[in-house]
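One structure below.
Keep in mind that the numbers below use all heavy atoms, side chains included, and drop hydrogens, waters and symmetry copies. Within every chain, numbering begins at 1; the chains are lettered A, B, ... in the order of the sequence lines, protein sequences first and strands thereafter.
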Amino acid sequence: MIDVRLIREDPERVKAALGRRGVPAEDVDAIVRLDVEHRAALARAEQLRARVKSLSRDVGEARRRGDVEGAAGLADESRRAGEEERDAATRTDRLAIELRARLLTTPNLPADDAPDGAGPDDNVVRRTWWPGHDDGAPEPVPAPHQRVPHWDTGTALGILDMAGGARLAGSMFPLYRGEGARLLRALTSLALASHADMYEEIRPPTLVSTETMTSTGHLPKFADEAYHVERDDLWAIPTAEVPLTSMRRGEILDEAELPIRLMAVTQCFRREAGAAGRDTRGLLRVHEFEKVELFAYATPAQAAAVHTDILARAEGLLHALELPYRVVDLCAGDLGASAARTLDLEVYAPGVDRWLEVSSVSWFGDYQARRANVRYRPEAGGPPVLVHTLNGSALAWSRIWAAIVEWGRQEDGSVRLPGVLAPWLGADPVIRPR
RNA sequence: GGAGGGAUGGCAGAGCGGACGAAUGCGCGGCUCUUGAAAAGCCGUGGGGCUCCGGUCCCCGUGGGUUCGAAUCCCACUCCCUCCGCCA
C-alpha cells in the first residue's frame with residue numbers, strides 16, 4: 001500500500017506518479033474523497049465515544065456517593081449517546097473498509113529513475129554480457145548445432161519429458177529425468193553455496209494463508225494468477241518472496257539487525273491465466289518451477305546498496321554459467337504492481353532465439369512493508385519506521401535449464417554443461433544419449 | 001481426529017466489571033557513585049489513528065454479544081502447548 005497521508009497531502013504528485021503507469025487520476029480523487037469522509041465520520045464517532053466514557057465514569061461516581069436516582073439518569077443519558085455512537089461507528093467502519101480496499105488495489109509509485117513507458121516495448125536495455133565480452137569479443141553467434149530448441153534436445157537425451165508432465169498434471173508442468181533432474185539440483189546447490197556468505201538459507205512453507213499472500217500484493221488483485229486450495233483456504237506461492245516477506249510480519253526490528261538477508265529455494269506455482277497460448281512450448285512458460293530467491297529487509301538508506309548486491313549476485317551466477325544475458329530496466333508501465341523499480345535479467349536462448357526472463361530484481365520501498373506491518377526502531381530514537389523490502393531471483397531454473405541445454409548442445413547432439421557445476425556433476429559433465 | 005491447557009507490552013508474568021494502556025521482575029536507555037567496569041541506587045522506557053496541537057480515540061489472539069461502563073462476563077473462530085490416535 002502507498003501511504004494514505006501522501007495521497008491526502010500531495011494528491012497531484014501521486015496522480016502524476018501513478019499516471020506514469022496508467023492509473024487514471026479519478027482513482028486517486030476517489031481515494032481522497034473517501035479519506036475526507038472517513039475522517040469526518042471518525043471524528044464524530046469519537047466525540048460520541050468520549051461522551052459515553054465520561055458519563056459512565058459519572059455513573060460509577062454517583063453510585064459510590066449513594067445517589068441512586070442520579071446514577072440512573074446518567075445511565076439513561078449514556079445509553080442514548082451509546083446508540084448514536086454505534087451508528088456513527090458503523091458508518092466509520094464501512095468507509096474504512098472501502099478505503100482500505102481501494103488502497104490495497106492501488107499499485108506502488110514508480111521510482112523516479114524508472115524509465116517512462118507504457119509497456120514491454122518501452123523497457124530499456126541497460127547492458128548486455130556474454131562470455132568473452134571482457135576481451136572485446138564480438139557478439140556471440142550460436143553455431144548451427146546450438147540452434148535446436150531445448151525440448152527437442154531434452155526429449156532426445158531423455159532428460160525432459162513434457163508429455164510425461166502433461167500426463168500427470170496437464171500441459172506446462174515439466175517432468176525432468178535423470179541428468180536433467182540432476183542438473184536442476186546442481187544449479188540449486190551452486191546458487192545456495194554462492195550466496196551463503198551473506199544470506200541465511202530458509203526453507204519456508206509453499207502453501208500460505210490469504211494474509212501472507214496479501215502482504216506482498218499478490219492478493220486481492222491477482223487471485224486469478226495463483227493456485228488456491230479451497231478446502232483449507234491456502235495458496236500455492238508464486239515465489240519465495242511471499243513467505244519471506246511475511247517472515248517478520250507485524251514485528252518491530254532493531255535497526256542493528258538490518259539489513260536482514262534471506263535466501264530460499266522453493267517450487268513456484270503460477271496459473272499464467274493471462275498468458276494463454278503465448279510462449280507455451282517446452283520450458284518457456286510453465287506452471288511449476290524451481291527458483292532460488294534472494295530477499296532483504298533494509299532501512300531506506302540501505303535499500304539501494306542491497307538492490308545492487310542482489311543484482312550483482314544474479315549476474316554473477318550468469319557469468320559463472322557462461323550464459324549471455326542482458327539487463328532490462330522496466331519502464332513505469334511494465335512494473336509489477338508492488339514494485340517501485342525493477343531490473344530484469346534475460347538470458348539469450350539460441351535454440352528458440354529468444355531472450356528469456358530469468359530474474360527480476362525489485363525494490364518495493366515500503367509498499368509491502370506497510371501491508372505486512374514490518375518496521376524497525378531507529379537507533380537515533382523516534383517512532384518505528386517501515387522497512388524497505390527487496391528481492392530478486394538468483395535464479396529461476398526452468399529457463400536457465402533451457403538456455404544451458406541449448407548453448408551446451410554439441411554437434412553430436414550431446415550437451416556439455418558449465419564447468420562451474422563440476423562439484424555436483426563430476427569432472428566430465430556431458431549429457432549423452434542413453 | 002479425541003481430551004485438556006493457554007493467548008496480556010521487547011521478554012517473563014499479575015490483573016474483585018468502575019480513572020487499567022495495564023502491577024511486578026527481567027531487558028533496554030539516562031543519571032549518581034567509580035580511575036574504568038561491575039554491583040548498588042535513582043529516573044525513564046508499548047503501538048497506532050484523528051486533531052481547531054488544547055486534546056481525543058483505538059489496541060490485552062480475532063470477530064460478535066451483554067452492560068451506563070469489558071483485559072475482566074457470554075458466544076464463535078484462529079493459533080500455540082501437552083497427552084492420546086493416525087502417519088512420512
Pro384(A) side chain: which of G47(B), U66(B), G69(B) is closest?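 Among G47(B), U66(B), G69(B), the one nearest the side chain of Pro384(A) is G47(B).
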With the side chain of Val59(A) defined as its heavy atoms from C-beta on, choose the nearest nucleotide among C68(B), C50(B), G47(B). C68(B)
Both Glu46(A) and Arg79(A) contact RNA chain B. Which one's nearest nucleotide lies toward the 5' end? Glu46(A)
Judged by nearest nucleotide, the residue sitting upstream toward the 5' end of RNA chain B, Arg5(A) or Gly60(A), is Gly60(A)
If you look at every heavy atom in Ile404(A) and Pro418(A), which pair is closest and at what distance? CG2-CD, 3.7 Å
Does [X] pair with [Y] as a salt bridge, N-O distance under 4.0 Å?
X	Y	result
Arg248(A)	Glu257(A)	yes
Arg313(A)	Asp197(A)	yes
Glu77(A)	Arg51(A)	yes

Could you tell me how far apart [X] ([atom1]) and [N] ([atom2]) are, to the nearest whole angstrom?
X	N	atom1	atom2	value
Asp35(A)	C50(B)	CG	P	8 Å
Asp93(A)	C57(B)	CG	C1'	13 Å
Arg57(A)	C57(B)	CZ	P	7 Å
Asp67(A)	C68(B)	CG	P	17 Å
Arg80(A)	C68(B)	CZ	P	12 Å

When you measure only distances, ignoring hydrogens and angles, does the side chain of Arg39(A) come within 3.5 Å of the base of G49(B) through a donor and an acceptor?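 Flag unset: no donor-acceptor pair detected.
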Is it the case that the base of G18(B) and the side chain of Glu61(A) share a donor-acceptor contact (distance under 3.5 Å, atom types as modelled)?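 A donor-acceptor contact between them is absent.
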Is the glycosidic angle of G54(B) within 90° of 0, making it syn, or outside that range, making it anti? syn
Please state the [atom1] separation for the pair [N] and [M] - nearest whole angstrom.
N	M	atom1	result
A23(B)	A37(B)	P	31 Å
G41(B)	U34(B)	C1'	13 Å
U45(B)	A7(B)	C1'	25 Å
G18(B)	C52(B)	C1'	32 Å

Below 4.0 Å: OP1/OP2 of [N] and any side-chain N or O of [X]:
X	N	answer
Lys53(A)	U67(B)	no
Arg63(A)	G69(B)	no
Arg49(A)	C58(B)	yes
Arg51(A)	U56(B)	no
Arg377(A)	G47(B)	yes
Arg8(A)	C50(B)	yes

May I have the step-by-step check of salt bridge (Lys or Arg N to Asp or Glu O under 4.0 Å) for Arg341(A) and Asp329(A), ending in yes or no? CA-CA 8 Å; Arg341(A) 182 95 194 278; Asp329(A) 200 342; 2.5 Å; yes
Verify whether the ring centers belonging to Trp235(A) and Phe269(A) lie closer than 6.0 Å.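 No; Phe269(A) has its ring centre 6.0 Å or more from that of Trp235(A).
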Could you tell me whether Tyr325(A) and His319(A) have their ring centroids closer than 6.0 angstrom? yes
So what is the 5' to 3' dot-bracket string for RNA chain B, if pairs are Watson-Crick or G-U wobble with both distances under 3.5 Å, crossing pairs use [ ] and | means the partner sits on another strand? ((((((((.[[[..)..(.....]]]((((((.......))))))(((((....))))).[[[[[..)....]]]]])))))))....
Determine the contact category for Leu74(A): base if any of its heavy atoms lies under 4.0 Å from a base atom, sugar-phosphate if only primed atoms, P, OP1 or OP2 are that close, otherwise nothing. nothing
Using a heavy-atom cut-off of under 4.0 Å over every strand shown, decide if Ala50(A) touches base, sugar-phosphate, or nothing.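 Touches sugar-phosphate only.
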Working note: Arg20(A) + Asp116(A), criterion salt bridge (Lys or Arg N to Asp or Glu O under 4.0 Å); need CA distance, chi angles, decisive distance, verdict. CA-CA 7 Å; Arg20(A) 294 181 66 210; Asp116(A) 285 324; 2.8 Å; yes
Separation between CG (Leu321(A)) and CG (Leu421(A)), nearest 0.5 Å, reads 6.0 Å
